[in-house]
Amino acid sequence: MSDNYRTLLNKAFLDCDTVEVARKLLGFSLCRESEEGLVSGIIVETEAYLSKNDPACHASRGKTRRNRTMFGPPGLAYVYFIYGNYYCFNVVTGQEGQGEAVLIRALEPVEGLLLMQKRRGKKCPVGNLTSGPGKLCQAFAIDQAFDGHDLATKPLYLKNTNFTRGALTVKSTPRIGVSAASDKCLRFIIDGNHYLSR
DNA sequence: GTTAAGATCTGCT
DNA sequence: GCAGATCTTAACG
């Protein structure tokens with residue numbers, strides 16, 4: 001099903017340069033199956049959160065109840081609740097016990113647009129469905145139940161679509177919404193994509 | 001037990 | 001472009 005995703009995490013990056021994974025995840029598809037139907041989208045924006053020299057990372061102050069999934073094996077989903085209203089969805093990277101992850105910030109909607117629209121609110125324009133961490137979790141119905149979920153298995157999984165791969169122009173910028181370590185360019189985007197968070 | 005801050009979004013100006 | 005909503009988490013006493 002998602003062999004290429006496994007390959008990415010297991011082979012090429014097990015010794016895992018998290019920054020590299022953040023870059024390579026651009027262009028991958030995220031799929032979500034449910035009783036209501038299938039939704040999917042292409043990852044167009046990510047951010048890396050590192051265990052060392054990165055005060056913005058949840059794991060920077062050790063293991064806690066909230067961030068324990070980050071310290072698990074790579075390939076799991078790390079989902080947490082923020083600002084009283086929204087979830088953020090991450091892919092755990094690095095070796096087990098390391099505490100690194102890649103935040104998925106934005107997707108380009110591909111399948112199940114109507115279902116996404118239904119979840120996000122009726123008159124939500126397509127360009128606003130998944131263009132932000134909290135938004136894409138709403139559109140994909142991702143909540144805390146997926147914290148610790150293996151992203152190579154249904155009903156939520158990643159796969160390599162080869163969509164415009166090779167032709168991608170990737171840019172890096174400072175991360176959004178974090179005050180700490182704002183000098184580091186750990187946000188990666190598909191340059192010019194219409195569905196970026198900003 | 002109490003408090004301050006946060007990897008955000010929406011609506012209004 | 002900006003302020004308010006909203007509540008969990010973690011730090012501190």
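Naming convention: chains lettered A, B, ... in sequence-line order (proteins, then strands); numbering from 1 in each chain.
Distance, A/Tyr83 OH to B/dA4 P: 17 Å, rounded to whole Å. For A/Gln144 and C/dT8, the CD to C1' distance is 9 Å, given to the nearest whole Å. Summarising the geometry, the separation between OH on A/Tyr87 and P on C/dC7 is reported as 12 Å, rounded to the nearest angstrom. When the C1' atom of B/dT8 is taken as reference, atom CG of A/Leu129 falls 17 Å away, rounded to whole Å. A/Phe81 has its CZ atom 9 Å from the P atom of C/dT9, to the nearest Å. Taking atom CG of A/Asn90 as the reference point, atom P of B/dA7 lies 11 Å away to the nearest angstrom. Atoms CD1 (A/Ile142) and C1' (B/dT8) sit 16 Å apart, rounded to a whole Å. Atoms CG (A/Leu136) and C1' (B/dT8) sit 12 Å apart, rounded to a whole Å.
Minimum interatomic distance between A/His149 and A/Pro155 (heavy atoms only, all atoms of both residues): CE1-CD, 3.9 Å. What you find for A/Cys88 and A/Ile82 is that their closest heavy atoms are SG-CG2, 3.9 Å.
Nucleic acid contact for A/Arg66: sugar-phosphate only, since backbone atoms but no base atoms lie under 4.0 Å from a heavy atom of the residue.
Base pairing of C/dG1: its partner is B/dC12, meeting the Watson-Crick or G-U wobble criterion (both donor-acceptor distances under 3.5 Å). B/dA4 and C/dT9 make up a base pair, with Watson-Crick or G-U wobble contacts both under 3.5 Å.
Note on A/Arg65: every side-chain N or O is 4.0 Å or more away from OP1 and OP2 of C/dT8. Taking side-chain N and O atoms only, A/Arg120 has a distance below 4.0 Å to OP1 or OP2 of B/dT10.
Side chain of A/Arg120 to main chain of A/Asn128: a donor-acceptor pair is present (N/O by atom type, distance under 3.5 Å, no hydrogens or angles).
In the interface, the side chain of A/Tyr80 is paired with the base of B/dA7 through a donor and an acceptor atom under 3.5 Å apart.
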### Query
What's the verdict on side-chain hydrogen bond (donor to acceptor under 3.5 Å, both in side chains) for A/Glu100 and A/Thr93, showing C-alpha distance, side-chain angles and the deciding distance?
CA-CA 5 Å; A/Glu100 302 202 334; A/Thr93 58; 4.6 Å; no
